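Let me give you the structure first, and then I'll get to my questions.
Nothing here was measured: the structure is a model prediction, and the numbers come from that model.
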Amino acid sequence: MKLDINPAEAQLMRVTEDDRQTLWNLLQYMLFETSPSGDNVANADGSFSYEYFDKYFTYADREAYLVKAPDGELIGFVMINQYLQKVDNGHAIAEFLILPRFRRMGIGYEVAKRCFAMYSGMWEVSPANDVAYQFWKKVIDEETEGTNIFEDGLFVFRK
């Protein structure tokens, strides 16, 4: 069934302690989905580890957002931090997921643009696989008019 959601109507909701389990569940799905091309190995209980998860609830330089449809249905999530590999100051998209049924509708593009608009300055994005690379290349090229670099598996740009 084709969903009809206007990307501009997707909501970014800051994750609170009450949303911890929801974020964890979505993160588990993302870690599973990216496991063929990443270092994500399932634990004995079938879950995936994410050593920085608790820091999104205790550190001021990390924030997470649930992406929801106007009716409250979960669309995905984004995690932003200030852990940077190539520049001294700025922000990074640490994790990003749009659930499969909402992909190719422009929602991911809209969410990414909103994230970049939250903070001016330097950004880093590390795509998890070839599909993610194509998505981020399109978004970042359009947002920066092509003034970005991709080096060592990382997009670096000023927004």
Open item on the list: Which residues end up grouped with Val131 if you chain together Ile, Leu, Val, Met, Phe, Trp and Tyr wherever their side-chain heavy atoms are less than 4.5 Å apart?
Closed with: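 Its cluster mates, by chain and number: none.
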TODO: Mind running side chain to side chain contact (heavy atoms under 4.5 Å, CB included) on Trp123 and Val87 for me, showing each step along the way?
DONE: CA-CA 8 Å; Trp123 278 89; Val87 295; over 6 Å; no
- [ ] Report yes if the side chains of Phe116 and Val111 come closer than 4.5 Å at any heavy-atom pair, otherwise no.
- [x]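 Side chain of Phe116 against side chain of Val111, heavy atoms only: no contact under 4.5 Å found.
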Task: Tyr56 versus Ala94, closest heavy-atom pair with distance - done: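 Reported closest heavy-atom pair: OH-CB, 3.3 Å.
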- [ ] Check salt bridge (Lys or Arg N to Asp or Glu O under 4.0 Å) between Asp54 and all other residues, then give those that pass, not counting sequence neighbours.
- [x]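 Residues passing salt bridge (Lys or Arg N to Asp or Glu O under 4.0 Å) with Asp54: Arg20.
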Task: side chain to side chain contact (heavy atoms under 4.5 Å, CB included) evaluation trace for Leu84 with Met122 - done: CA-CA 9 Å; Leu84 303 163; Met122 297 303 295; 5.9 Å; no
Task: OH on Tyr133 to CD1 on Ile140, rounded to 0.5 Å - done: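 Reported to 0.5 Å precision, the distance equals 9.5 Å.
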Task: Other residues, nucleotides, ligands: >12 heavy atoms within 6.0 Å of Asp71 CG - done: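 Yes - once you tally the heavy atoms of other residues, nucleotides and ligands closer than 6.0 Å, there are more than 12.
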Open item on the list: Under the rule for side chain to side chain contact (heavy atoms under 4.5 Å, CB included), what residues qualify as partners of Ala132, not counting sequence neighbours?
Closed with: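 Partners of Ala132 under the side chain to side chain contact (heavy atoms under 4.5 Å, CB included) test: Pro127, Asn129, Trp136.
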Open item on the list: Do Met118 and Tyr59 sit in one hydrophobic cluster, given that two such residues count as connected whenever their side-chain heavy atoms are within less than 4.5 Å of each other, even indirectly?
Closed with: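 No, it is not one cluster - the side chains of Met118 and Tyr59 are not joined through contacts under 4.5 Å.
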Open item on the list: Between Tyr52 and Tyr83, is the ring centroid distance below 6.0 Å?
Closed with: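 Tyr52 vs Tyr83: aromatic centres not under 6.0 Å.
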Task: Within one Ile-Leu-Val-Met-Phe-Trp-Tyr cluster: Ile149 and Phe135, side-chain cutoff 4.5 Å - done: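 Ile149 does not cluster with Phe135.
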- [ ] Taking the six-membered ring for Trp and the single ring otherwise, decide whether the centroids of Phe77 and Phe96 are under 6.0 Å apart.
- [x]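 No, ring centres 6.0 Å or more apart.
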Task: Working for side chain to side chain contact (heavy atoms under 4.5 Å, CB included), residues Ile75 and Ile98 - done: CA-CA 6 Å; Ile75 293 175; Ile98 300 298; 4.0 Å; yes
Task: Pairwise distance NE2(His91) to CG(Asn89) - rounded to 0.5 angstrom - done: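 Spacing of NE2 (His91) from CG (Asn89) equals 9.5 Å.
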Task: pair Glu95-Val78: side-chain heavy atoms closer than 4.5 Å - done: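 When only atoms from C-beta onward are counted, Val78 and Glu95 do not touch, as no gap falls below 4.5 Å.
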For residues 61-68, which side-chain donor-acceptor pairs fall under 3.5 Å, sequence neighbours excluded?
{"unit_1": "Glu63", "atom_1": "OE1", "unit_2": "Tyr119", "atom_2": "OH", "d": "2.6"}
{"unit_1": "Glu63", "atom_1": "OE2", "unit_2": "Tyr65", "atom_2": "OH", "d": "2.5"}
{"unit_1": "Glu63", "atom_1": "OE2", "unit_2": "Tyr119", "atom_2": "OH", "d": "3.0"}

Open item on the list: My understanding is that only residues two or more places apart in sequence, or in another chain, count here; which of them pass side-chain hydrogen bond (donor to acceptor under 3.5 Å, both in side chains) with Asp19?
Closed with: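 Listed in chain order: Thr16.
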- [ ] Return the minimal non-hydrogen interatomic distance between Gly76 and Leu26, and the atom names on each side.
- [x]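 Nearest heavy atoms, Gly76 then Leu26: O-CD1, 3.9 Å.
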TODO: Please round to the nearest 0.5 Å and tell me the distance separating atom SG of Cys115 and atom CG of Leu12.
DONE: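 It comes to 5.5 Å.
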Open item on the list: Among residues at least two apart in sequence or on other chains, which ones pass side chain to side chain contact (heavy atoms under 4.5 Å, CB included) with Asp88?
Closed with: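 Partners of Asp88 by the side chain to side chain contact (heavy atoms under 4.5 Å, CB included) criterion come out as none, since no residue qualifies.
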Open item on the list: What's the separation between atom CE in Met79 and atom CE in Met30, rounded to the nearest 0.5 Å?
Closed with: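 These two atoms lie 8.0 Å from each other.
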Task: Value rounded to 0.5 Å, distance of CD in Gln28 from CG in Leu97 - done: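 With rounding to 0.5 Å, CD (Gln28) is 12.0 Å from CG (Leu97).
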Open item on the list: Restricting to ring pair (Phe, Tyr, Trp, His ring centres under 6.0 Å), what partner residues turn up for Tyr50, sequence neighbours left out?
Closed with: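 Ring pair (Phe, Tyr, Trp, His ring centres under 6.0 Å) check on Tyr50 returns nothing, list empty.
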Open item on the list: Restricting to side-chain hydrogen bond (donor to acceptor under 3.5 Å, both in side chains), what partner residues turn up for Asn25, sequence neighbours left out?
Closed with: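 With neighbours one apart ignored, the set is Gln21.
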Open item on the list: Minimum heavy-atom separation for Pro7 and Gly106, please, with both atom names.
Closed with: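 Result for this residue pair: CB-O, 3.5 Å.
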Open item on the list: Count I, L, V, M, F, W, Y as connected when their side-chain heavy atoms are under 4.5 Å apart, and connections chain through other members. Are Phe102 and Phe32 then in the same cluster?
Closed with: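 Cluster IDs for Phe102 and Phe32 match.
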Task: All side-chain hydrogen bond (donor to acceptor under 3.5 Å, both in side chains) counterparts of Glu142, not counting sequence neighbours - done: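 Per chain and number, Glu142 pairs via side-chain hydrogen bond (donor to acceptor under 3.5 Å, both in side chains) with Tyr109.
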Open item on the list: Let's go through Val125 and Lys137 carefully: what are the C-alpha distance in whole Å and the side-chain angles of both, what is the deciding distance for side chain to side chain contact (heavy atoms under 4.5 Å, CB included) to 0.1 Å, and is it a yes or a no?
Closed with: CA-CA 10 Å; Val125 178; Lys137 178 160 182 44; over 6 Å; no
Task: Within 6.0 Å of CD in Glu17, more than 12 heavy atoms from elsewhere - done: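 More than 12 heavy atoms, drawn from other residues, nucleotides or ligands, come within 6.0 Å of this atom.
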Side-chain donor/acceptor pairs under 3.5 Å, residues 152-159, sequence neighbours excluded:
{"unit_1": "Asp152", "atom_1": "OD2", "unit_2": "Lys86", "atom_2": "NZ", "d": "2.4"}
{"unit_1": "Lys159", "atom_1": "NZ", "unit_2": "Glu143", "atom_2": "OE1", "d": "3.4"}

Task: Partners meeting side-chain hydrogen bond (donor to acceptor under 3.5 Å, both in side chains) with Thr22 (sequence neighbours left out) - done: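 Thr22 satisfies side-chain hydrogen bond (donor to acceptor under 3.5 Å, both in side chains) with no residue once adjacent residues are dropped.
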TODO: With rounding to the nearest 0.5 Å, note down the distance linking CD in Glu9 to CD in Glu110.
DONE: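 So the CD of Glu9 and the CD of Glu110 are separated by 10.5 Å.
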